[in-house]
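Here is the structure we will look at.
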There are 2 protein chains.
Amino acid sequence: MIKKGLEDNFENIRKIFTEYLEKHAHRKTPERYTILKEIFATEGHFDIETLYIRMKNHKYRVSRATLYNTIELLLDCELVTKHQFGTNYAQFEKSMMFKQHDHFIFNETGEVIEFYDPRIEEIRSQVENLFNVDVTHYSLTFYGNGRPKK
Amino acid sequence: MIKKGLEDNFENIRKIFTEYLEKHAHRKTPERYTILKEIFATEGHFDIETLYIRMKNHKYRVSRATLYNTIELLLDCELVTKHQFGTNYAQFEKSMMFKQHDHFIFNETGEVIEFYDPRIEEIRSQVENLFNVDVTHYSLTFYGNGRPKK
DNA sequence: TTAGATGCAAACGGTTTGCAGGGAA
DNA sequence: TTCCCTGCAAACCGTTTGCATCTAA
């Protein structure tokens, strides 16, 4: 039953993507839907190379160029979010429509914890008012170490 | 008088760097001090290539490799801060010991505004307590557009 | 039928590395 | 004198681009 719910949810995602492609007169190629499916089939963050390897392992014929192109579309229709956690390569994650969140990164391992604190919205408004700007997006990331168990 | 004050301040910076080099048994080469001086002589953010060009223009013989090496030392002794504003190249700025701040970036131009909102410290404590971690550093950046003048 | 999309491989650009020569300690 | 540091150039690696081929519309 829960699984059914998740599938329904993905159907919804597909629909959003389809509408986006149609609206912008982009072709609905099988590759694009396969990549969308692959991304939404796994949890957590990923980079392009990892996604590429994973799809190769699943015996899909896909090129890095197409991955980069398709990610661009998915970013544009906001189904995927891009992060640059202080490295010089990009990491991505599927957007969780409702669940806005920020990140804590362990210095040693790169492990990611997600959290949400509503006070960030207050800071955001403050910035918008102070500088007379519209904030389109933002990035808040804490870096640090775990405390000794003890 | 104010200028004098700034010079004194830079003397202090030099001292910090010297102490750091001595403590870690790194050599006090002229290149390292020249780079330090060049960085503290200019305002705002910079990337390695810009710094390289600027030093070439000032007729310094310096290699990119040394710039990268020295920046690494300056980061380590916290005289310089590193940013990755959503691009795949790093930007840096001299640390302002006392003036903690975050950034707003204009989507179109990349122009940077600095600001400070103390509420970020509350979020930081919250994260530390919630996940039982120590935050060593963080990054908060808003991206957006200026509002039409009216 | 045809313009947009794909796969492949080469190009690109910021960063890193290897190495011979130079200079701080 | 030692061996860390420097400049130079090549290597590296994530990303972008060019192009022949393919295919959604």
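- One can place NE2 of A/His24 at 16 Å from C1' of C/dG4, the figure rounded to the nearest angstrom.
- Within residues 50-63 of chain A, the residues that have a heavy atom under 4.0 Å from DNA chain C are, in order of number, A/Arg61, A/Val62, A/Ser63.
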Practice item. Go along nucleotides 15-20 of chain D 5' to 3' and tag each nucleotide: B for a protein heavy atom under 4.0 Å from its base, S when only backbone or sugar atoms are that close, - otherwise. Key: BBB---
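- Checking B/His103 against B/Glu93 by side-chain atom types alone, a donor-acceptor pair falls below 3.5 Å.
- When all heavy atoms of A/Tyr138 and B/Tyr143 are compared, the pair lying nearest together is CA-CD1, 4.2 Å.
- In terms of the salt bridge (charged side-chain N to carboxylate O under 4.0 Å, His left out) criterion, A/Lys82 has no residue partners (sequence neighbours excluded).
- A donor-acceptor contact closer than 3.5 angstrom is absent between the side chains of A/Asp134 and B/Asn145.
- Overall bending of the helix from C/dT1-D/dA25 to C/dA25-D/dT1, expressed as the angle between end axes built from five pairs apiece, is 30° (10° steps).
- No salt bridge links B/Glu31 with B/Arg61; every basic N to acidic carboxylate O contact stays at or beyond 4.0 Å.
- Note: B/Phe17 and B/Tyr33 meet the aromatic proximity criterion, with ring centroids under 6.0 Å apart.
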Check your understanding: Along nucleotides 20-25 of chain C, 5' to 3', which nucleotides get a B, which get an S, and which get a -, given that the test is a protein heavy-atom distance under 4.0 Å?
Key -> ---BBS
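- Applying the salt bridge (charged side-chain N to carboxylate O under 4.0 Å, His left out) rule to B/Arg64 yields the partners B/Glu49; only residues at least two apart in sequence or on another chain are considered.
- When all heavy atoms are compared, the tightest approach of A/Arg14 to A/Leu36 is CA-CD2, 4.0 Å.
- Aromatic ring orientation, A/Tyr20 versus A/His24: tilted (interplanar angle from 30° to 60°).
- Defined by atom type and a distance below 3.5 Å, a donor-acceptor pair is present between the side-chain atoms of B/Thr81 and B/Ser95.
- B/Ile71 places its CD1 atom 15 Å from the C1' atom of C/dT16, with the value rounded to the nearest Å.
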